[in-house]
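To start, the structure itself, in structure tokens.
Since the structure is predicted, the reported quantities are computational estimates derived from the model, not experimental observations. Atoms within each ligand, like the ligands themselves, are counted from 1 in listed order.
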Amino acid sequence: MMTYDPIWDNFLFVVNDEDWKRLRAIISPTFSTGKLRKVKYYIDENIQLMSKHLDEKIANDPAVNMKQIVGGFTMDTIIQISMGIKIDSIQDPNNLIIQNAKKLFGQDISFQDLTTFALASAFPNLMEWMGRKIQPDALNFLANISKDIIKKKREEMKTKQQSQKGSNFIELVLEVEEEQKRILEQSGKPFKHINNDELIAQCVTFFTAGFDTTSSAILYATYLLASNPDKQEKLYESIIETLKKLAKERDDGCDNPYELITFESLNNFEYFNAAFNESMRSLTIVTFIERMATEDVRLETSDKKTWFDVKKGDIIRIPIIDLHNDPDNFYDPQKFIPERFLAENMSNPEKRFNKSAFLPFGSGPRKCVATNLAFIEAKIMLIHLFRLYRISLHSKTKLDFFVNFDSLIPRDIVMQVEKR
Ligand code: HEM
């Protein structure tokens with residue numbers, strides 16, 4: 001879909017074919033575990049800030065709007081990771097970066113933007129003729145900040161000695177580009193770099209593709225664990241036990257949870273991982289994905305008795321939410337059962353579990369490019385949240401959603417929070 005806006009038209013989830021291949025090859029390595037190690041420090045810092053805000057709130061009233069708390073954490077983390085700028089959005093809601101970033105999220109999406117999208121899909125040439133843009137002020141504002149960072153980093157890189165190691169997304173992309181350029185030049189292959197509009201677009205992607213999704217993942221898991229207090233107690237016990245085990249394995253006597261919970265140690269939190277997966281299945285965020293056929297193809301069952309012809313250009317929609325809720329794929333799909341994701345149950349034929357039908361991040365080469373980042377952000381935040389607090393439903397708790405294109409996003413939601 002073309003909107004004739006140099007930023008929207010360069011989003012990784014919008015571009016196709018050769019441009020997509022080139023951009024994905026430059027963007028993917030910035031989300032590698034090695035590069036994400038730097039980001040973990042920001043996540044820890046923002047969890048501690050979130051916990052301070054939560055403590056202050058519950059000192060007055062245990063009924064807390066968890067969307068505000070989780071949204072504040074996700075917002076501060078995204079701004080820091082993408083642009084390297086430190087903000088406290090709960091303390092400073094009028095900050096211009098926050099105001100403009102918020103305009104790009106579902107909650108504030110205007111009727112005009114929705115019609116612009118509809119027009120862009122149906123009549124792309126009309127868009128160019130009308131000069132209509134989506135949230136132009138917010139995009140220009142964020143684009144200008146990104147431009148300044150790009151300019152500074154490119155200048156730094158010209159005089160290599162002064163160039164600091166990248167600590168935000170823009171800097172990491174430019175470093176990856178530089179690395180690839182060196183490798184390709186040595187091998188004699190042509191090198192195409194990422195231009196400024198493309199780079200700005202990827203930075204803005206953090207807000208459009210990364211904010212609502214990550215904060216919804218945290219909020220849904222919190223809601224489901226508050227609705228299932230027995231599972232929450234089991235989770236709490238398992239977190240404390242795993243932390244004790246991790247502390248014992250260290251030879252420096254360190255028992256600081258912020259040091260013990262790392263990207264590498266996340267695998268040890270087995271029950272937590274099961275509960276997080278179950279939450280992603282149970283309350284699906286991205287409800288469908290689509291693929292366009294690049295050639296005519298016949299899809300058929302292995303016995304060739306049933307087939308379906310797909311024509312070049314046809315769009316196939318994969319309804320993730322329906323796959324997640326189909327009793328043929330998961331037993332008792334309406335129930336929140338973290339245990340179904342434990343290794344011993346996944347292979348038990350009596351406990352129906354269809355691995356290929358679990359697609360919270362999509363599938364194949366176009367699978368979510370930032371799965372690692374979403375994991376470390378959401379998982380580390382949730383482990384600390386449930387280690388520190390008991391969260392339950394309140395008489396005012398009401399789970400309500402709004403639809404933002406392909407995603408189901410929760411609205412404000414009050415929960416009862418007490419310190420452990
Ligand atoms: C829990 C959080 C998240 C969920 C559930 C999620 C889910 C998804 C899904 C289902 C897709 C489509 C995949 C497909 O078509 O097969 C996708 C694509 C994408 N996501 Fe995420 N996502 C999350 C977080 C993020 C974050 C934090 C970012 C950016 C910082 C991000 C950036 C993207 C991009 C750029 C694409 C397009 C990839 C491409 O077309 O090559 N996502 N995501």
Inset, instruction - Pick whichever of Pro360, Gly362, Ser407 has a heavy atom sitting closest to atom 7 (C) of ligand 1. - result: Pro360
Legend entry - Option with minimal heavy-atom separation from atom 4 (C) of ligand 1, where the choices are Phe361, Phe11, Phe288: Phe361
For [atom], which protein heavy atom lies nearest, and how many Å away is it?
atom: atom 12 (C) of ligand 1; answer: Ile289 CG2, 3.7 Å
atom: atom 32 (C) of ligand 1; answer: Ala209 CB, 3.6 Å
atom: atom 39 (C) of ligand 1; answer: Arg24 NH1, 3.4 Å
atom: atom 34 (C) of ligand 1; answer: Val369 CG1, 3.8 Å
atom: atom 28 (C) of ligand 1; answer: Ala370 CB, 3.4 Å
atom: atom 36 (C) of ligand 1; answer: Phe13 CB, 4.2 Å
atom: atom 13 (C) of ligand 1; answer: Arg366 O, 3.3 Å
atom: atom 22 (N) of ligand 1; answer: Cys368 SG, 3.1 Å

Legend entry - Within-shell test, Trp20 vs ligand 1, heavy atom, strictly < 4.0 Å: yes
Legend entry - ligand 1 contacted by Gly364 (non-hydrogen, < 4.0 Å): no
Axial cation check for [Y] ring with [X], 6.0 Å and 45° limits:
X: Arg281; Y: Phe330; answer: yes
X: Arg411; Y: Phe402; answer: no
X: Arg352; Y: Tyr331; answer: no

Inset, instruction - Report yes or no: do Asp55 and Tyr389 form a side-chain donor-acceptor pair below 3.5 Å? - result: yes
Inset, instruction - Decide whether Asn65 and Lys57 meet the rule of one side-chain donor and one side-chain acceptor closer than 3.5 Å. - result: no
At under 4.0 Å between heavy atoms, is it the side chain or the backbone of [X] that contacts ligand 1, or both, or neither?
X: Thr214; value: both
X: Ser363; value: backbone
X: Thr213; value: both

[Y]/[X] salt bridge by N-O under 4.0 Å criterion:
X: Lys40; Y: Asp44; value: yes
X: Lys351; Y: Glu339; value: no
X: Glu45; Y: Lys52; value: no
X: Arg298; Y: Asp309; value: yes
X: Asp314; Y: Lys311; value: no
X: Glu264; Y: Arg37; value: yes

Inset, instruction - Classify the ring geometry between Phe375 and Phe361 as parallel (under 30°), tilted (30 to 60°) or perpendicular (over 60°). - result: perpendicular
Inset, instruction - Return yes or no for this condition: an N or O of Thr205 is under 3.5 Å from an N or O of ligand 1. - result: no
Inset, instruction - Could you tell me whether some N/O pair between Arg291 and ligand 1 is separated by less than 3.5 angstrom? - result: yes
Inset, instruction - Could you tell me which atoms of ligand 1, counted from 1 in the order shown, lie closer than 4.0 angstrom to a heavy atom of Gly210? - result: 25 (C), 26 (C), 27 (C), 28 (C)
Inset, instruction - Using a strict 4.0 Å cut-off to heavy atoms of Ala217, name the atoms of ligand 1 that fall inside it. - result: 1 (C)
